[in-house]
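Lettering follows sequence order; numbering is per chain, from 1.
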Number of protein chains: 4
Amino acid sequence: MKSADKHRKIIRAATKVFAKKGFFNARISDVAKEAKVADGTIYLYFNNKFDILLSVFEQEVGKLIEHIGQLLEKESDPQKKLTLFVMLHLEEMKKNRYLAEVIHVELRQTSKLVKEYRKNKFNEYLNIISSIITLGQETGVFRSDIRPEIARQLIFGALDEISIFYTEVSSQYSIEEISSQISNIMQTGLLA
Amino acid sequence: MKSADKHRKIIRAATKVFAKKGFFNARISDVAKEAKVADGTIYLYFNNKFDILLSVFEQEVGKLIEHIGQLLEKESDPQKKLTLFVMLHLEEMKKNRYLAEVIHVELRQTSKLVKEYRKNKFNEYLNIISSIITLGQETGVFRSDIRPEIARQLIFGALDEISIFYTEVSSQYSIEEISSQISNIMQTGLLA
Amino acid sequence: MKSADKHRKIIRAATKVFAKKGFFNARISDVAKEAKVADGTIYLYFNNKFDILLSVFEQEVGKLIEHIGQLLEKESDPQKKLTLFVMLHLEEMKKNRYLAEVIHVELRQTSKLVKEYRKNKFNEYLNIISSIITLGQETGVFRSDIRPEIARQLIFGALDEISIFYTEVSSQYSIEEISSQISNIMQTGLLA
Amino acid sequence: MKSADKHRKIIRAATKVFAKKGFFNARISDVAKEAKVADGTIYLYFNNKFDILLSVFEQEVGKLIEHIGQLLEKESDPQKKLTLFVMLHLEEMKKNRYLAEVIHVELRQTSKLVKEYRKNKFNEYLNIISSIITLGQETGVFRSDIRPEIARQLIFGALDEISIFYTEVSSQYSIEEISSQISNIMQTGLLA
DNA sequence: GATGAATGAGTATTCATTCAT
DNA sequence: AATGAATGAATACTCATTCAT
């Protein structure tokens, strides 16, 4: 039986290889070698190279949604919820640096190729953000003149850029400090 | 000059083709056809395919820096400077949608491949942002506990994500409204 | 016996699959599925893919030789014998259309690859024809200036081409009419 | 400019390679090497491997039709016309043995794959035969109870089989003798 | 300078065959 | 004996790059 275990192993290997070389520069044989399977084995689990990339998003972003979603439920205050989300996202990206790079680089490629995709799994992730904004607006904590979709896009863009920048200059700043700065800028602004 | 003219023509064509198909899916012959030159001609002006992409950044981002830099000089108030930068960036990205897409998608690929690159021409662009922050901190307008590099990255990430999102849902919001929302969030925060 | 039974089942399946897709386009897994066995099982009965094709000829042509040989024995007149052979060959090819196609298409491929092969089992079949010619010459019914080997090849070529053509336009002509026309041309000629 | 000369050179090479190894066993690089061009060059002239095979038929059979057609025009007697056709076909197949093998083996594969194909260029060739039969029937030389399409198929099958058999045992019989025997069987029959 | 035909290295994918269960 | 997941060799085709004209 084709094991779910091997499926995961290949996804994991692909995430690493795609992060290091980029999707287009990565060879199937690189992924196979990293996963310690034969080239042909990959095609027992995936239709083609691109399907592997889509599955990376599907599976890894799915796990993100579940994990972060659960932790956010415990918090009801919108302001604290947003601060928590920022913290969790950066934490997860730090833990899974390969995924961070694949999201940062390949997700954008992919979005172009599969216009609908981003509107599926990844959109679900982005909607965690907009729902926090909406909640805050409903409870009067956040300004009601801000468009949740714009804020969502803005926050994701900021976080994504930071998550890569952060890993590149990782020793300088603690994750708490960066999270705090981002939340501060977003919530109370830059003004003195 | 004839030569510089053709150089620009190829850059322009490449920007369009790379934006539409992505760097890896674009063929040299696509660029050649778009620029209305023979395939071989391209190699009289560029060393290889990747060199074209680097030149796109070099030239187009160079023009951005010059253009936006000049306009920013006329403004001395840091707060207004930042608001103006946000506005100008979005405006330019709207005018040159192909460049916006290439920056959004290919710049990230490229950054990985040429680690030093971003520290050159594009870094110069990003530093426009951090210098505004620093100026604001020096004049006491902006909080001094914000790291200019973090703010820079955050602002670019937000703007870049919005500039693509904006063009996808372009009819809904005016550029002024979006600019205003971004500046608001950044400067006075989300809080009511 | 269980084993010989499965051997036959695979041959039968292979004949059908090879006829439909052609030997090179057919996959072992196609044959396995058609025979309702696992891919690996096939290798318990055959050495490799090509061996299956050879076995198709070996077994199916063997059955032909036996069947047609027996019926021909009952007839002693060379002229009637030849007429009967034409009829029987077309009849068998009509009954087993898959075999007809495999002989028509794959036998020729195979003959090239295994030069000696045709001189074995299939040659035996062809020699049924030449022996009828020789008999006819000995009894003075057929002209003695005809080379039996040439006549043999000519008759097989004609029959084989007709047997495929026949199935493609099957509704138009009855098998008796076609047999009669062929025997007529061969024996009394086209002349009025 | 893509030269017609190189197109022909590749066709010629492919005919030889396909004849020797068979279409499926032949590699594009074999054809390229035989034609003394690079692998990629082949794709400047043909869409894919199969397209080369179709072009072989298209071009070589086209030449056959033209050549044989011209010579047949000079003869008006149906009986002599048929005898001449048999002779010319065998002569051409002897001259271009590679084509003979490709027709003998690959045409049958191909007919299966491209049902309509045979009804185009090759059908035109086969119709030379049936038109001779029809002519003979109209002038009362040939029996009117013979179906031209059946006779056509029969004659082609016979000739094709003989043309391969002939080259395999070439030293034994002269082409005139074989032609004469075939024409004899076809026209005056086997009967003494 | 300009061209575009020619090159050939590079790789995703297939599928006959094997072998642990 | 039977299975079917795993293997990895094999190859059609692409496309960046070159160079003779």
Please report how far the helix from dA2(E)-dT21(F) to dT21(E)-dA2(F) bends, comparing the axis fitted to its first five pairs with the axis fitted to its last five, to the nearest 10 degrees.
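Both end axes considered, the difference amounts to 0°.
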
Restricting to nitrogen or oxygen on both sides, can you table the protein-nucleotides 10-12 of chain F pairs closer than 3.5 Å?
from: dA12(F); atom 1: OP2; to: Ile28(D); atom 2: N; distance (Å): 2.8

So, for Asp160(C) and Ile103(C), which heavy atoms are closest and what is the spacing to 0.1 Å?
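In terms of heavy atoms, the two residues are closest at OD1-CG2, 3.9 Å.
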
Applying ring pair (Phe, Tyr, Trp, His ring centres under 6.0 Å), can you list everything that pairs with Phe46(A), at least two apart in sequence or on another chain?
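Counting only residues at least two positions away or on another chain, Phe46(A) forms a ring pair (Phe, Tyr, Trp, His ring centres under 6.0 Å) with His7(A).
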
Find the distance [X]:[atom1] to [N]:[atom2] and express it as a whole number of Å.
| X | N | atom1 | atom2 | answer |
| --- | --- | --- | --- | --- |
| Tyr45(A) | dT14(E) | OH | P | 17 Å |
| Ile10(B) | dG1(E) | CD1 | C1' | 12 Å |
| Asp5(D) | dA5(E) | CG | C1' | 14 Å |
| Phe46(A) | dA5(F) | CZ | P | 16 Å |

Is there a side-chain polar atom (N or O) of Lys6(A) under 4.0 Å from OP1 or OP2 of dA6(F)?
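Yes, because at least one side-chain N or O of Lys6(A) sits under 4.0 Å from OP1 or OP2 of dA6(F).
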
Who are the side chain to side chain contact (heavy atoms under 4.5 Å, CB included) partners of Lys16(C), not counting sequence neighbours?
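Result, side chain to side chain contact (heavy atoms under 4.5 Å, CB included) vs Lys16(C): Lys20(C), Glu34(C), Tyr98(C).
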
Residues that Asp5(A) engages under side chain to side chain contact (heavy atoms under 4.5 Å, CB included), provided they are two or more places apart
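Testing Asp5(A) for side chain to side chain contact (heavy atoms under 4.5 Å, CB included), a comparison that skips the adjacent residues, returns Ser3(A), Arg8(A).
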
Would you please name every residue forming a side-chain hydrogen bond (donor to acceptor under 3.5 Å, both in side chains) with Glu60(A), sequence neighbours left out?
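For Glu60(A), no residue satisfies side-chain hydrogen bond (donor to acceptor under 3.5 Å, both in side chains) once neighbours in sequence are set aside.
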
List in chain and number order the residues that pass side-chain hydrogen bond (donor to acceptor under 3.5 Å, both in side chains) with Tyr43(D), two or more places apart in sequence or in another chain; answer none if no residue qualifies.
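None.
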
Would you list the pairs meeting salt bridge (charged side-chain N to carboxylate O under 4.0 Å, His left out) in which at least one residue belongs to residues 39-51 of chain A, sequence neighbours left out?
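Checked against salt bridge (charged side-chain N to carboxylate O under 4.0 Å, His left out) - neighbours excluded - no pair reaches residues 39-51 of chain A.
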
Starting from the 5' end of DNA chain F, give me the residue, Asn47(B) or Ile42(A), whose nearest nucleotide shows up first.
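Nearest nucleotide further toward 5': that of Ile42(A).
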
Presence of salt bridge, Asp30(A) and Lys33(A), under 4.0 angstrom
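No.
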
